[in-house]
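Below you'll find the structure, written out as structure tokens, and then a few comments.
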Protein chains: 2
Amino acid sequence: MAKTSTPLISGDKLNRAAQNILEVAGQLFAQGGYDGVSINEIASEAGVSKANIFHHFRSKEGLYLAALNKACSHSARVLEDKPIDSADDPSDRVRNFLSSHLEVLLERPLASRLIQRELLDGAEGNGKQLAEKVFADTFEKITEMVRDAQAQGAIKSTVDASLLAFLMVGANVFFFENRALLARLPGIDFAGSPAQYSETVFELLAHGFNGKG
Amino acid sequence: MAKTSTPLISGDKLNRAAQNILEVAGQLFAQGGYDGVSINEIASEAGVSKANIFHHFRSKEGLYLAALNKACSHSARVLEDKPIDSADDPSDRVRNFLSSHLEVLLERPLASRLIQRELLDGAEGNGKQLAEKVFADTFEKITEMVRDAQAQGAIKSTVDASLLAFLMVGANVFFFENRALLARLPGIDFAGSPAQYSETVFELLAHGFNGKG
DNA sequence: GTCTATAGGCCGATAGAC
DNA sequence: GTCTATCGGCCTATAGAC
């Protein structure tokens, strides 16, 4: 269990005004994307002048990176704190991961969205590297958990651990990104309840759809 | 099998120059998003003047909608044509869907990306409705396929058909969106081969990870 | 640290010649 | 149908008073 805890330094020693700007910027960037939000809007929403923003942050890109950095720090820290390994049964650890991970995504939806957005359409550069590190770390952690479960005989050794990890993360992210649309479609039982979704996904992944059960 | 074939009229009666503009615009919008691409860039890339674009298309938004419409038409038509139902074994139909759907996504990656982008960050409006219709139709079609397979005893009746459909679409979309990053991560066998990915996902979904197999 | 004022540039969209 | 030239507006970023 190597601990490569690159700190992903957040804006911790910023004063109240700067923190406020960062907070507002994070929300707006998450909703509108980098190009879709102007410094004017952020200034207006934060109740400060445009020049004040440029006093606290080098440039629009600097502000964006600071907001993304904050979101990534939060996401990494929360996943680190979640006691996934607390359960004794390795199968329960997988079950717990599925629900915990989805809860983390839903807990701070705008931070999650900011990271997802950067992964999907961010230009190559500092921002994308940050977001990709969050993705890779999450992915690595869950892959490791699957391998442990395989070593203990709770998961078939024939299953590709990274594939199962990828499917689990994907199932959660896909639910997170499409939950609004899902709720509008008719006849979807799991749309409104993340906990129910997690449990049903676990059952399906565990036992498969094959047969007449 | 109700056939609600709303045509999603594409720019079929456009002349060569306009088609060219539409093609270029579709590519650039897919890569950069609506706000990330200017009419100047499209004009330059297409080899025409900016005024010419406004001659053929009412506005920037009109051009964007035409490009999105074209992508949606393609996506809907291809899914309609794919002979998913050709297999006799309902289990094979599910297997075929997984690989066919992923192939469709990868066949025209920019069109797929344009639709995905609109689903994720598009403002409420005509564009989002178009993209959501494509999503909903795909989702409905595959749900129906799962229900058929259940009726024939190939899939457990206890499985939630819409959940399985959602997981299958999600597994493919998540692979499509993250394939570049996936290829950069170490130790991922399925990253470079969509066919292998589809097959492995099918096996896992069919039999589950439970047990010592 | 916070503000007003403004520089300088690119934007979407239009006018009008050919 | 295609162009050049241009308009008014909004953008990021800076200057300088307080």
Side-chain angles (χ1 to χ4, degrees), chain A residues 10-70 114 117-118 121-123 125-127, chain B residues 10-70 114 117-118 121-123 125-127:
Chain A
S10 179
D12 283 342
K13 50 185 176 184
L14 273 56
N15 68 17
R16 202 174 296 115
Q19 296 265 19
N20 177 41
I21 291 168
L22 195 56
E23 171 78 14
V24 169
Q27 293 176 10
L28 294 184
F29 280 138
Q31 291 167 315
Y34 184 84
D35 292 319
V37 181
S38 72
I39 298 285
N40 270 319
E41 290 176 80
I42 297 171
S44 168
E45 186 78 14
V48 297
S49 74
K50 177 164 45 171
N52 196 353
I53 293 182
F54 284 102
H55 170 72
H56 289 291
F57 300 91
R58 188 161 303 181
S59 63
K60 185 184 181 181
E61 192 185 346
L63 174 58
Y64 174 79
L65 283 178
L68 179 62
N69 205 329
K70 187 182 165 191
L114 193 57
R117 191 188 280 280
E118 182 65 24
D121 45 62
N126 287 337
Chain B
S10 178
D12 283 342
K13 51 184 175 184
L14 273 55
N15 69 17
R16 201 174 295 116
Q19 296 265 17
N20 177 41
I21 292 168
L22 194 56
E23 172 77 13
V24 169
Q27 293 177 10
L28 294 183
F29 280 139
Q31 291 167 315
Y34 183 83
D35 291 319
V37 180
S38 72
I39 298 286
N40 270 319
E41 292 177 78
I42 297 170
S44 168
E45 187 77 14
V48 299
S49 75
K50 176 162 52 168
N52 195 355
I53 293 182
F54 284 103
H55 170 72
H56 289 291
F57 300 92
R58 188 160 305 180
S59 63
K60 185 184 182 182
E61 192 184 346
L63 174 57
Y64 175 78
L65 283 178
L68 180 63
N69 206 328
K70 187 182 165 191
L114 193 58
R117 190 187 279 281
E118 182 66 24
D121 45 61
N126 287 338

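Lettering follows sequence order; numbering is per chain, from 1. What you are looking at is a predicted structure, and each value in this text was computed from that prediction instead of being measured.
Residues of residues 45-57 of chain A having a heavy atom closer than 4.0 Å to DNA chain D, listed by number: A/K50, A/A51, A/F54. Of all the residues in residues 32-42 of chain A, A/V37, A/S38, A/I39, A/N40 reach under 4.0 Å from DNA chain D with at least one non-hydrogen atom.
Nucleotides of DNA chain C lying under 4.0 Å from heavy atoms of chain A occupy a range whose first and last members, 5' to 3', are C/dG1 to C/dT4.
For B/S38, the side-chain contact (heavy atoms from CB on, under 4.5 Å) partners at least two apart in sequence or on another chain are B/N40, B/E41. With sequence neighbours left out, the side-chain hydrogen bond (donor to acceptor under 3.5 Å, both in side chains) criterion links B/Y64 to B/E118. Listed by chain and number, the residues in a side-chain contact (heavy atoms from CB on, under 4.5 Å) with A/D35 are B/D35 (sequence neighbours excluded). In terms of the salt bridge (Lys or Arg N to Asp or Glu O under 4.0 Å) criterion, residue partners of A/E23 (sequence neighbours excluded) are, by chain and number, A/K70. Partners of B/S49 according to the side-chain contact (heavy atoms from CB on, under 4.5 Å) rule, which considers only residues two or more places apart in sequence or in another chain, are B/A51, B/N52. In this structure, A/F57 has no ring pair (Phe, Tyr, Trp, His ring centres under 6.0 Å) partners at least two apart in sequence or on a different chain. Looking at residues two or more places apart in sequence or on another chain, you find no ring pair (Phe, Tyr, Trp, His ring centres under 6.0 Å) involving A/F54.
A pairwise comparison of heavy atoms in B/A18 and B/N15 identifies N-OD1, 2.8 Å as the closest pair.
In this structure, A/D121 and B/D121 have side chains that are in contact, with non-hydrogen atoms separated by less than 4.5 Å.
Screening residues 43-55 of chain B for salt bridge (Lys or Arg N to Asp or Glu O under 4.0 Å), with sequence neighbours left out, gives no hits.
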